[in-house]
Amino acid sequence: MSDLKGWKDIPIGGVIDKPATAREYKTGEWRIQRPIIDREKCTNCMQCWLYCPDMAIGGGLDGKKMKLGEVNLDYCKGCGVCAAVCPVNAIEMKSESEFI
Amino acid sequence: MPVKLTVTGAAAVAHAMRQINPDVVAAYPITPQTPIVEYYAGFVSDGIVDTVMVPVESEHSAMSAVVGSAASGARTMTATAANGLALMSEIVYIAASYRLPIVMPIVNRALSGPINIHCDHSDAMMVRDSGWIQFFTENHQEAYDFTIMATKLAEKENVLLPAMVNLDGFITSHGVESFEMLDDEVVREFVGSWNPKYSLLNTKNPVTYGPLDLFDYYFEHHRQQEEAMKNAYKELPGVFEEFEKISGRRYDFLDLYKVDDADYLMVVLNSTASTAKYVVDQLREEGHKVGLVKPQVFTPFPKKEFQQVLNGRKGVVVLDRAMSFGKEAPLYSLVKSSLYEVASRPSLGSYIYGLGGRDTTPEMIREAFEDALQGNLIADEQRYLGLRE
C-alpha cells in the first residue's frame, strides 16, 4: 500500500470519480496464508482456477489446452479454496510469515 | 417587500422550503413534524413549487431517498422528529459521510420511552456526532431564517455537509406567532442555484457513491468531514452577514442577551430562551446583573465564542433539555470543556429541565439563576428543574 494518498488528495465522501477502477483496488492485504503451487504435481486440471472466488489464480488457453498461470497476490485473500479442491494436492497454503 | 405572516412555526418552515423550492422532498409524517410536510405537499399539489414530492413508507426510506436524490445532484430536503430521526439515523450518518448538502428541519421531540410526543432535545442530541451541521432556533422567525441560511451554508464548495434546523416540538411548530417573510425572489437569489460537482445522472462523467471504504481510506474521509466542519465554522460569519443584507436581521453563533456587564449567565437552547429573557428582565429590575447566552449554532460547536463570553464571569448555569445518562448533560459537558483553558473560570451549574414536554415556567428558570446568585453552584452536581422529588 505504498501509493496510498493522504486525506487532502482524495475525492470527498468516498466518491469514485473515474469508472472501472476496481482493478486498482488491491484486496489481498489481509491474507495470512498464500498458495504455493508444486508445478511437478500440477496436471493443469484448472480446478483451482475455476473455484477461486476472486481472480487470483491466473491461466487460460495455451494453444488448445488450458494451462495454469501465476497466483496474483494483489487479490489473493489466502482462503485456501484452491488447495482444498486440488485433486493431486499440488497446492500448499504457507504462512505469510515465511515470506517476510 | 417582506410581509408579516401570523402562522404556526411549521408553516413558517414550510414557507422557507417553498421559497427555496428544492428539486426533491422525500418525507414521512411524524408528530410534531407532520404539518411541515403537510403544508409542503399542499404547495406541491397546488403547483406552487416544482418539487418532486416522494411520500415514503418510513423515515428510514425517507432519508434513503433523500441520499439517493442528493447524490444524483438534486437539491433535496426532508423534515423529521424524534423516533423518525432515530429510524433515519443509520442513513443520517451516511448522508454526512457522502457529503450531501441536505437540509432537514427537526421538530424536537422526546425520544421514547415511555411513549411521549412532546418537546425535548434528546432527538437532536442522539445525532450530535453524525457529522451534520446543527442549528437551534428560538421562534418562528429563526426557524424560517435558519432554514434559508442552512441551505446557503450546506452547499458551499468547501463545506458540503448536511444541516439540521432544530425547532421545539409543538411550542414552535404548532404555536401561532408572527414572523417576517422575505420576498420569494430575494430568497431565491440568496440561495442561488445548486451546481453539484458530482452527479449520478451525469453519464459523461460517471461516478460511484458509497463504495467499500475499508481501513485504507475510511480514516482519511472522516478527517475530511472534520475539515468541512471547520470550514463551516469559518464560512458562517459570511453567511450571517449576507443574510443581514437581505433581511436586516443579524445572527451570530451565540445570541447574547444583556451579557455585557453580567456577572451571572444562563446558557439554554431554543424556545426556553424566550422565558429566560423574561426572567433576566425581572432579575435586572431587581438589580441583579444577569444575562443569557443562546447558542444558535451547536455543531460546529462555537467553543471560542463561549470562551470569550464566559471567561471572568462569576457564575454560569447551563440548562439541558436532554440527559446523557451516566454522564454530564450534552450542552453542559461541551460548555464545561470549553472553559478548561480560560483565564478565569466561572463557577458552573448543570440543570436538566423540560423533558418530555414538561412545562418550563419563569419560576424554574429563576431557581437556577438564584443558585448562581447565592454562590450555590456545584460543577459536578446535576440538578433538575420542575422535577417532583
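Note on naming: letters A, B, ... go to the chains in the order of the sequence lines (proteins, then strands), and numbering restarts at 1 for each one.
Atom CD1 of A:I32 has 12 or fewer heavy atoms from other residues, nucleotides or ligands within 6.0 Å. Residue-environment remark: CD (A:E96) exceeds the threshold of 12 foreign heavy atoms within 6.0 Å. The neighbour count for A:Y25 OH, taken as heavy atoms of other residues, nucleotides or ligands under 6.0 Å away, is above 12. Atom CE of A:M66 has more than 12 heavy atoms from other residues, nucleotides or ligands within 6.0 Å. For A:K26, the NZ atom sits in a packed shell: over 12 heavy atoms of surrounding residues, nucleotides or ligands are nearer than 6.0 Å. With a 6.0 Å radius and a threshold of 12 heavy atoms from other residues, nucleotides or ligands, A:F99 has its CZ atom above the threshold.
Of the listed residues (B:H222, B:Q225, B:E227), the one with the most heavy-atom contacts under 4.5 Å to chain A is B:E227. Ranked by heavy-atom pairs shorter than 4.5 Å toward chain A, the options B:G210, B:A71, B:P206 are led by B:P206.
A distance of 6.5 Å separates CH2 of A:W30 from CG of B:L214, quoted to the nearest 0.5 Å.
Counting heavy atoms from C-beta outward, B:Y198 and A:P11 have side chains that approach closer than 4.5 Å.
Closest approach of B:V207 to A:D17, counting heavy atoms only: CG1-CA, 3.8 Å.
Put simply, the side chain of B:Y217 gets close to the backbone of A:K5: a donor and an acceptor are under 3.5 Å apart.
Contacts between B:L160 and chain A at a heavy-atom distance below 4.5 Å involve the side chain alone, from C-beta outward.
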Quiz item: How far apart are the C-alpha atoms of A:I10 and B:Q224, what are their side-chain angles, what is the distance that settles it, and do they pass the side chain to side chain contact (heavy atoms under 4.5 Å, CB included) test?
Solution: CA-CA 9 Å; A:I10 52 175; B:Q224 289 180 334; 3.3 Å; yes

